[in-house]
Peer 1: 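For reference, the structure I am asking about is given below.
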Amino acid sequence: MSELPLRKVGDFIFGIDRDVNRGMNSGALIFASEDLVQKAMSDGSIEQLVNVTKLPGIVGPAIAMPDIHLGYGFPIGGVAAFSYDDGLVSPGGVGYDINCGVSLLSIPITQSTFASKRKEVIDALFQRIPSGVGTKGKLDLSRQQLASVMTEGINWVIENGMGDAMDVDHTDELGKFGEAEVSKVSPAATGRGMKQLGTLGAGNHFVEIQRVSRVFDSKIASAFNLSENNITAMVHTGSRGLGHQVATDYIEKLLRSGSNQLPDRQLVFARNGERLFDDYIGAMQAAANFAFSNREIIIDQIRRVFAKAFNLEYEDMRIVYSISHNLARVEEHEVEGKKTRLIVHRKGATRAFPPGRKENGSLFKLTGHPVLVPGSMGSDSYVLVGEKKNMELTFGSSCHGAGRVISRHKAMETLNLSRVSEELNEKGVYLKTASRKVIQEEAPGSYKQIEQVIRSIEGAGISRSVVSLSPLGVIKG
DNA sequence: ATGTAC
């Protein structure tokens, strides 16, 4: 491919114009600093973004967030909207970890109280929350129970004593997609899910205990139940083997059906009107409900550990929000002055609806809902809130994390295990991992600097910071 | 990300 004609179109905004000679059906927009856009140009992810513009039925530009990097077909850190009526859904635009996302719990103790029991609490979390590749959970559900989880989402978890009724309003989509179709999930996927509910997984998935280190907007911070030096717990995980199997199953089915003309076979899709379109959406929503429930159960374990260690009431530990960053969703957006139904694919990108959107939980209709952005291991995380402007610019989306800069393989080759461990120790972060290699693979040096990502997002006017969170301890697969 | 390979 000849060099892509990137041009600056605004502060922290770059564009690639539609070029029919390249087969593009729309342009592309990249929200990033000069430095981050150069990183994206060199790793091949912008080329992936341009491939997405070649798909039929795309509406508006293909969008890249500053944390963009290479993914399966679609880049991670990308947003692409398609017409609902004559558009498509693509499993690669959702990702293998369906409804991967982040939950944040506010715990009403201060840093100094936590410090006295830090090691004991982190060790207890590591002991109670199964972590690592292929790990089984303690629940071991029947097929019938798993079907309820996939249909009812966190409502099932709460009814079974592992959550608080108030959590529903603080979970994206109220913790349940209504068109989940259990019958569209294969027996192989179901079998993996039965053993894995309530498990963390591996790679970049984690539970982190943090303190609120800086408050940028005290009014919204207090509405979100966050104040300086108060303790938070952040969970990053998704739909585990179940979602992975759903993605594998449908990508395979779509490739076998083989009717699409594709710029890259990893972009394989189903058009609205085809059987696999409805089947995939039903299965994706079932996996999404599993992922919401998985995070809710891990939050329950965290609440139990803290209730015991600090003599707290379960209900005093409030979920700030539980957000999704790997989904395709049917939403209404204004397109050229007309309300239009779209399927918005966000892969490694979060929804960040500003105040006023009906989808937001009741509190968040006033404030906009929280955008949870974890930094790399050992660096700060951020809570942001969507700005009105992002409805026009990004279909109401924001970034999802720091974004990798070097591959897992390269991290193992170039980073030194003991040096990374020492650096985390010096920063005052207590780390427990199920495997050793994850320390290098997920080292801060494998990722972009979160501050650069946040500066880009704020500079482009998509979202603004509410608080930063600094890590005190972390458990990982 | 993932019972890290069909």
Side-chain angles (χ1 to χ4, degrees), chain A residues 45 48 67-78 90-102 130-137 140-141 146 185-207 235-256 265-266 283-284 287-288 290-292 294-295 298 323-328 345-350 374 376-377 400-413 433-443 446-447 475-477:
Chain A
S45 54
Q48 288 191 321
D67 50 333
I68 187 174
H69 55 111
L70 220 49
Y72 179 88
F74 289 63
I76 296 164
S90 172
V94 171
Y96 272 88
D97 190 359
I98 295 167
N99 192 7
C100 186
V102 180
S131 311
V133 181
T135 39
K136 295 173 188 168
D140 201 9
L141 302 185
L146 182 67
V185 178
S186 70
T190 311
R192 292 174 74 171
M194 287 160 68
K195 294 175 288 197
Q196 290 189 328
L197 191 65
T199 66
L200 187 61
N204 62 10
H205 290 167
F206 64 81
V207 172
V235 178
H236 179 215
T237 187
S239 50
R240 309 283 291 109
L242 185 149
H244 193 274
Q245 191 65 50
V246 167
T248 305
D249 291 343
Y250 280 91
I251 287 167
E252 197 180 295
K253 279 181 203 231
L254 286 163
L255 285 171
R256 258 206 317 264
R265 67 199 298 270
Q266 295 184 349
M284 178 199 71
F290 179 92
F292 281 137
N294 196 36
R295 288 194 286 277
I298 291 170
I323 205 164
S324 311
H325 55 227
N326 276 11
L327 281 175
H345 293 64
R346 295 188 186 87
K347 179 185 188 181
T350 66
S376 59
M377 182 170 66
H400 89 306
R404 290 199 87 85
V405 270
I406 58 172
S407 68
R408 292 191 164 96
H409 182 73
K410 196 169 176 199
M412 290 304 286
E413 281 181 339
T433 65
S435 80
R436 281 157 60 89
K437 67 172 186 177
V438 81
I439 299 174
Q440 285 146 287
E441 289 178 350
E442 298 300 316
S446 299
Y447 283 82
I475 75 167
K476 287 183 76 68

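Lettering of chains follows the sequences in order, A, B, ..., and the numbering in each one begins at 1.
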Peer 1: For the pair made of NE2 in A/His236 and C1' in B/dT2, what is the distance, rounded to whole Å?
Peer 2: 14 Å
Peer 1: Remember a base hit wins even if backbone is also touched, and classify A/Gln196 as base, sugar-phosphate or nothing at under 4.0 Å, heavy atoms.
Peer 2: sugar-phosphate
Peer 1: Rounded to the nearest angstrom, tell me the gap between atom CG in A/Asn326 and atom P in B/dT2.
Peer 2: 11 Å
Peer 1: Return the value, rounded to whole Å, for the distance between atom CG of A/Leu255 and atom C1' of B/dC6.
Peer 2: 14 Å
Peer 1: What integer distance in Å separates A/Arg408:CZ from B/dT4:C1'?
Peer 2: 10 Å
Peer 1: Between B/dC6 atom P and A/Ile251 atom CD1, what is the distance in whole Å?
Peer 2: 13 Å
Peer 1: Quick one: does A/Gln266's side chain get under 4.5 Å of A/Phe74's, heavy atoms only?
Peer 2: no
Peer 1: May I have the distance from A/Gln245 (atom CD) to B/dT2 (atom P), rounded to whole angstrom?
Peer 2: 13 Å
Peer 1: Can you tell me how far apart CD (A/Gln48) and CD1 (A/Ile68) are? Round to the nearest 0.5 Å.
Peer 2: 7.5 Å
Peer 1: Can you tell me if the side-chain N/O atoms of A/Arg240 get under 4.0 Å from OP1 or OP2 in B/dT2?
Peer 2: yes
Peer 1: How long is the line joining OH of A/Tyr96 and P of B/dT4, in whole Å?
Peer 2: 13 Å
Peer 1: For A/Arg240, enumerate each residue passing the salt bridge (charged side-chain N to carboxylate O under 4.0 Å, His left out) test, keeping only those at least two apart in sequence or located in another chain.
Peer 2: none
Peer 1: Reckon A/Lys437 touches a base, only the sugar-phosphate, or nothing at all at heavy-atom distances under 4.0 Å?
Peer 2: base
Peer 1: With a 4.0 Å cut-off on heavy atoms, is A/Ala202 in touch with a base, just the backbone sugar-phosphate, or nothing at all?
Peer 2: sugar-phosphate
Peer 1: How many Å lie between CG on A/Asp97 and P on B/dT4, as a whole number?
Peer 2: 16 Å
Peer 1: Please enumerate all residues that pass side chain to side chain donor-acceptor pair (under 3.5 Å) together with A/Thr190, with sequence neighbours excluded.
Peer 2: none
